[in-house]
Protein chains: 2
Amino acid sequence: MATGRNHRPATTRSRGIPEATVARLPLYLRALTALSERSVPTVSSEELAAAAGVNSAKLRKDFSYLGSYGTRGVGYDVEYLVYQISRELGLTQDWPVVIVGIGNLGAALANYGGFASRGFRVAALIDADPSLTGRSVAGIDVKHTDQLEQIVDESGVSIGVIATPAGSAQQVCDRLVAAGITSILNFAPTVLSVPEGVDVRKVDLSIELQILAFHEQRKAGEEAPEEETAPPAVPPAAAVSKRPEPGSDGDRPAVMPA
Amino acid sequence: MATGRNHRPATTRSRGIPEATVARLPLYLRALTALSERSVPTVSSEELAAAAGVNSAKLRKDFSYLGSYGTRGVGYDVEYLVYQISRELGLTQDWPVVIVGIGNLGAALANYGGFASRGFRVAALIDADPSLTGRSVAGIDVKHTDQLEQIVDESGVSIGVIATPAGSAQQVCDRLVAAGITSILNFAPTVLSVPEGVDVRKVDLSIELQILAFHEQRKAGEEAPEEETAPPAVPPAAAVSKRPEPGSDGDRPAVMPA
DNA sequence: GAATGTGAAAAGATTCACAGCA
DNA sequence: TGCTGTGAATCTTTTCACATTC
């Protein structure tokens, strides 16, 4: 099942910069942008780290992968660092983005103010529902799925956002990839199979909540120690079947679909 | 700046289960639920791993932290594993959730189908805009922020979702925490300060896109090797100031706010 | 024979702690 | 003196490979 072709190499250390560091650069950038707007000229690793919510040693190590952009005894020049990180992230160029699936979430994304700044531009909105076609969301006309290939081709987008129901996600993904898209942000709660060379990042609300629930449960358990520690006794034979409701779903979209 | 009080201990290995493993459990659960619905009785680590998009060694190691729920030579009993993982994640109980900030995103979340299953229940919607108060979103009445404390108290929620603009996020967070909430899912693009014992997870669309852009840029660079490798020459003095538009924003909400 | 469970090795990420520079 | 930049130590996560069990 599942053509299991993704699996990010993990060891991708894209050009020497560790993935973990890349994932934090946007965080630093955000903090720096805020400082920049307040016209703060320089910032120390300690201050910036606090603003970004990491510790200073980590931040300095992260920056060391980019080069030596600080000044000992002084700190970092805010504007300079904003530029360097932006450049490293590729934000000095324009990134047209196409959003597929204009349901509640898709519409929310289309309206997302943070898109415009940072170099991302919503080039097109696409949905399979004909009744949406022609409508305008966030000032952008919604196009029908039929035109997907044409749109991707003409607008030269390389990043696609999938906000469709889980059931359509792989299909949409395949078409986006076939049309030439090489980066996908997936909001549908499903594992996407993509050929080598295509990047997929996923955002799944349900998963985040489940992780929170895990920790929350633990907290509760600490207060009132031992309560449900009854070790699972039933062996894989007449499999336990607690928590029924199998009729729920299990393959639902990240958010109300198109 | 920022009362920097969060910073998850990282070494949290909550009760022996590594964080990395906890983060994958929901993924396994989703794959297993799908199998369960197709009435597949057992599954091998290889198959399940493919369905979840990880490799089988990792999956087996992950499961080994939960206990020995498989059968050598056979695989895992789907129903049994669904139950065990659900229990481990705390999904066998009901988790009332409150969503604060009913803008585009908040509404999308309220409508999220995946909430209901998995044990999460939207107990209340809260917004600061009086014109929204009383309206019904996803069949739930929107309450005014004034009632936040009362609502949290009465409905006994322990998980709060913040979907407000960045500017209000910390304030809302403080009130939620003061009201007794100990787990927060933050969609606002800002670092939240919370006291010890409160868990925060963040989802930031803009960050995901920036990470994609980083890799996308790299790909482009590989095709046409060397092009903008001109090493940053300007030293932190008359700081470079490329990519103007400083008038954009930089502290915007994850998605159009309330 | 087939597939789990797990020690041990390898790879990555974080933190320490301090030399070195402004 | 103050703060960066970075080797070295530590901790975490992933992967390997195989003994063990059904």
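In the text below, chain A, chain B and the rest are named by the order of the sequence lines, each starting its count at 1.
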**Asked** Do Tyr80(A) and Tyr69(A) have ring centroids that are under 6.0 Å from one another?
**Response** yes
**Request:** Return the 5'-most residue of the pair Gly73(A), Thr21(A) with respect to DNA chain C, ranking by each residue's nearest nucleotide.
**Result:** Thr21(A)
**Position toward the 5' end of DNA chain C (nearest nucleotide), Lys61(B) or Glu46(B)** = Glu46(B)
Grab the [atom1]-[atom2] distance between [X] and [N] for me, whole Å please.
{"X": "Leu66(B)", "N": "dT4(C)", "atom1": "CG", "atom2": "P", "value": "14 Å"}
{"X": "Phe63(B)", "N": "dA3(C)", "atom1": "CZ", "atom2": "P", "value": "16 Å"}
{"X": "Leu81(B)", "N": "dT4(C)", "atom1": "CG", "atom2": "P", "value": "11 Å"}
{"X": "Leu48(B)", "N": "dA2(C)", "atom1": "CG", "atom2": "C1'", "value": "17 Å"}
{"X": "Arg60(B)", "N": "dT4(C)", "atom1": "CZ", "atom2": "P", "value": "6 Å"}
{"X": "Leu59(B)", "N": "dC16(D)", "atom1": "CG", "atom2": "P", "value": "15 Å"}
{"X": "Lys58(A)", "N": "dC11(D)", "atom1": "NZ", "atom2": "C1'", "value": "12 Å"}
{"X": "Ile17(A)", "N": "dA13(C)", "atom1": "CD1", "atom2": "P", "value": "12 Å"}

**Fill in**
Between Arg72(B) and Gly67(A), the residue closer to the 5' end of DNA chain D by nearest nucleotide is Gly67(A)
**Request:** Looking only at side-chain atoms of Tyr65(A), point me to the closest of dA3(C), dT14(C), dG5(C).
**Result:** dT14(C)
**Request:** Find the distance between CD1 (Ile211(B)) and CG (Leu25(A)) and round it off to the nearest 0.5 Å.
**Result:** 8.5 Å
**Message:** When you measure from the centre of the six-membered ring of Tyr28(B), is the NZ or CZ of Arg30(B) closer than 6.0 Å and no more than 45° off the axis?
**Reply:** no
**Request:** Among Gln217(B), Glu216(B), His215(B), find the one that has a side-chain hydrogen bond (donor to acceptor under 3.5 Å, both in side chains) with Ser183(A).
**Result:** Glu216(B)
**Message:** Taking any heavy-atom pair under 4.0 Å as a contact, classify Tyr76(B): base, sugar-phosphate, or nothing.
**Reply:** sugar-phosphate
**Prompt:** Is the phosphate of dT4(C), meaning OP1 or OP2, less than 4.0 Å from a side-chain N or O of Ser45(B)?
**Reply:** yes
**Request:** Ignoring backbone atoms, test whether Asn55(B) places a side-chain nitrogen or oxygen under 4.0 Å from the OP1 or OP2 oxygen of dT14(D).
**Result:** no
**Message:** Please give me the minimum heavy-atom distance between Ala169(A) and Ile162(A), naming the atom from each residue.
**Reply:** O-CD1, 3.9 Å
